[in-house]
Structures are given as C-alpha cells and as structure tokens.
Amino acid sequence: MTKDLLLETYNLHKTYGKKSTKFDALCDIDLKINTGESVAIIGKSGSGKSTLMHLLALLDQPTTGTIKLHGTKTAELPARRLNRLRNHEFGFVFQQFFMNSNDSVLNNVILPLKIAGIGFRERKRRAIEALKIVELEDKIHAKANDLSGGQKQRVCIARAIVNNPKVIFADEPTGNLDTITGEKIMNILFKLNREKDITLIIVTHDEDIANRCRRQIRIQDGKITSDGKTQKGGAK
C-alpha cells in the first residue's frame, strides 16, 4: 500500500551568522518522508542533523528553501495555524527531559492538551491513557523530580503521544540513559510506529538505533551523503 506523503523539503538551506562569521549549517536538502516511516537522521556532532530535525518539526525556519506538510508550504501559514499544527501533528522526545520537576507526572503529560484547549476531564482521560501505554499509570500523582531517568523519558513519550500526533521527533532520546533503559525507551517508540502508524524521525549517532529504522539519512557538513533503506529492513 502506498503511504501518504507527509513532509517534503526542497533546496533547504540554513545559515547562521553574517560575513566573516557566516556558517552554512545545512545545504541543498531535498527530502520526502511518508506517513508511517521510521527514519534515522545520522551524523556526528555538528553535522547538521539536529538543525534538520528542528526545521522539519517547524521549530525553526530555513534561510532559504521550501518545507511542505501535507502538500502545504509551511512558510505561507499564519503563525497561529502553524503553532496549532505543531501542537496537533507533532510529538517531541528530546535527550533533555524538559519537565516541570516540581509538578506531578499527570500535569506534565497534560500540558499539550491545555495548550490545545481541551477540557479538563478529557485531557485527564487522555493523559492517563498515554501513561498506561508507557506503563506509568501508577506514577500519576508522583512528582517528576522523584522519577528515575528512564521513567522521566517515558513521561516525555506519554506527553508526546497524548495529542495523537502523526509524527514523533526524537533527538538522541537515549543519550542520558543506560543501555538497558535506553532499549526499553526505543521499544516503546518503535511499538508506537508499528501499531499506531506514527511516523518516527530519530536524530542519533547510535548505529544500533539507526539500524532499527527502516530508512537511514546520513548527513555530514550540512549535506545529505546517503539516503536509503536499512540493509536489514529495520523495525517496520
């Protein structure tokens, strides 16, 4: 079955600084990502991989070039609609947890739903359901600060999926975790990709994680050096 085209980029450039401090973080990036894909963006530190993810996630704007979401040029969208799209379509899991450590697990997960204007009962229901998926329903009333690193990352995944996103962007999601805990986190993410058809875009330098994705995009010095299916077929 042919998957729907989700994200497209054409001739994407991202430049920082001016004149003597000018730095080309990305050059000539052409990409097409379909619904339900699992994609690893791989590169060394400073290669441009995180910059690319931030552009794809509409967290930043390119210097030049085009980004399309569902065939619509994102640069032509009003800021309010762009924020709404990002809130409804995307979920984010970062290396840093970005949680309110003194608030409850439930309130941390609920946050995207509050931003979306969802009523209290519905957002509580959805948050509890998301926490069940990551097997943390018993920690609903615990403070985020009292959780282990692995538990915090699972809360971040629950927060990422609470709005039923079409895409999860994960930037080095196991970078602060031990090997066993990191494996559990990746199993959750790939299960969501497989069972809910959520597009999974992972920024990583970890070859083991990259090999679990169906597609690998390698980037060096701001340019794509290869883009193809994982040799072993990946996880989906």
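None of the values given here were measured: they were computed from a predicted structure.
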Quick one: which residue pairs count as a salt bridge (Lys or Arg N to Asp or Glu O under 4.0 Å) with a foot in [range], not counting sequence neighbours?
{"range": "residues 53-69", "result": "K14-D60"}
{"range": "residues 98-107", "result": "none"}
{"range": "residues 89-98", "result": "E89-K166"}

Handout entry: Backbone N/O of C213 and side chain of T230: donor-acceptor pair under 3.5 Å
Key = yes
Practice task
Determine yes or no for a side-chain-to-main-chain donor-acceptor pair under 3.5 angstrom, with Q153 supplying the side chain and P173 the backbone.
Solution key: yes
Handout entry: side chain to side chain donor-acceptor pair (under 3.5 Å) pairs, two or more places apart, involving residues 127-148
Key = S148-Q151
Problem - Qualifying side chain to side chain donor-acceptor pair (under 3.5 Å) pairs, either residue in residues 41-53, two or more places apart - result: S50-D171
Looking at residues at least two apart in the chain, or sitting in another chain, which of them share a salt bridge (charged side-chain N to carboxylate O under 4.0 Å, His left out) with [X]?
{"X": "R125", "value": "E122"}
{"X": "D221", "value": "none"}
{"X": "R123", "value": "none"}

Could you grab the distance from atom [atom1] of [X] to atom [atom2] of [Y], nearest 0.5 Å is fine?
{"X": "T74", "Y": "E8", "atom1": "OG1", "atom2": "CD", "result": "10.5 Å"}
{"X": "L59", "Y": "M53", "atom1": "CG", "atom2": "CE", "result": "6.0 Å"}
{"X": "I133", "Y": "L192", "atom1": "CD1", "atom2": "CG", "result": "6.5 Å"}
{"X": "I180", "Y": "T174", "atom1": "CD1", "atom2": "OG1", "result": "13.5 Å"}
{"X": "F98", "Y": "K152", "atom1": "CZ", "atom2": "NZ", "result": "13.0 Å"}
{"X": "D30", "Y": "I224", "atom1": "CG", "atom2": "CD1", "result": "7.5 Å"}

Minimum heavy-atom separation for [X] to [Y], with atom names?
{"X": "L177", "Y": "G150", "value": "CD2-N, 3.7 Å"}
{"X": "C156", "Y": "V93", "value": "O-CG2, 4.3 Å"}
{"X": "V155", "Y": "V109", "value": "CG1-CG2, 3.8 Å"}
{"X": "N193", "Y": "G36", "value": "ND2-O, 3.1 Å"}
{"X": "P165", "Y": "G91", "value": "CB-N, 3.7 Å"}
{"X": "G43", "Y": "H205", "value": "O-CB, 3.7 Å"}

Practice task
Determine, stepwise, if the pair I185 / I157 fulfils side chain to side chain contact (heavy atoms under 4.5 Å, CB included).
Solution key: CA-CA 9 Å; I185 294 302; I157 293 173; 3.8 Å; yes
Fill in the blank from the handout: Here the ring pair (Phe, Tyr, Trp, His ring centres under 6.0 Å) pairs for residues 153-181, sequence neighbours left out, are F90-F169, F92-F169
Exercise for the section: List the steps and the verdict of side-chain hydrogen bond (donor to acceptor under 3.5 Å, both in side chains) for N163 and N87. Expected result: CA-CA 8 Å; N163 244 351; N87 182 256; 3.0 Å; yes
Practice task
Take L26 and H13, measure what side chain to side chain contact (heavy atoms under 4.5 Å, CB included) needs, and give me the verdict at the end.
Solution key: CA-CA 5 Å; L26 291 175; H13 287 72; 5.9 Å; no
Exercise for the section: Starting from the C-alpha separation in whole Å, work towards a yes-or-no answer on side chain to side chain contact (heavy atoms under 4.5 Å, CB included) for I41 and T204. Expected result: CA-CA 6 Å; I41 301 175; T204 186; over 6 Å; no
Problem - CA sep, side-chain torsions, deciding dist, call: L12, L55, side chain to side chain contact (heavy atoms under 4.5 Å, CB included) - result: CA-CA 9 Å; L12 211 60; L55 294 182; 3.9 Å; yes
Exercise for the section: Look at atom NE2 of H88 and say whether more than 12 heavy atoms of other residues, nucleotides or ligands are closer to it than 6.0 Å. Expected result: yes
Practice task
Would you tell me whether N83 and R86 have side-chain atoms, one donor and one acceptor, within less than 3.5 Å of each other?
Solution key: yes
Fill in the blank from the handout: Apart from F23 itself, members of its ILVMFWY cluster (side-chain separation under 4.5 Å) are Y16
Exercise for the section: Could you work out the complete set of other residues in the hydrophobic cluster of I115, with links drawn between I, L, V, M, F, W and Y side chains under 4.5 Å apart? Expected result: L111
Handout entry: Test: R212 and E183 ion pair at under 4.0 Å
Key = yes
Exercise for the section: Could you tell me whether D28 and K223 make a salt bridge, using a distance below 4.0 angstrom between a side-chain N and a carboxylate O? Expected result: no
Fill in the blank from the handout: The side chain to side chain contact (heavy atoms under 4.5 Å, CB included) partner of L69 among L7, L5, L82, L77 is L7
Problem - Close side-chain approach of I209 to M186, heavy-atom, < 4.5 Å - result: yes
Handout entry: Within-4.5 Å side-chain heavy-atom neighbours: T9 and K32
Key = no
Practice task
Go through the steps for R218 and Q216 under the test side-chain hydrogen bond (donor to acceptor under 3.5 Å, both in side chains), then give the verdict.
Solution key: CA-CA 6 Å; R218 295 186 180 271; Q216 296 183 4; 3.0 Å; yes
Practice task
I would like to know whether K229 and E37 meet salt bridge (Lys or Arg N to Asp or Glu O under 4.0 Å); could you show each step before the answer?
Solution key: CA-CA 11 Å; K229 290 183 179 180; E37 280 197 276; over 6 Å; no
Exercise for the section: Check side-chain hydrogen bond (donor to acceptor under 3.5 Å, both in side chains) between N100 and all other residues, then give those that pass, not counting sequence neighbours. Expected result: none
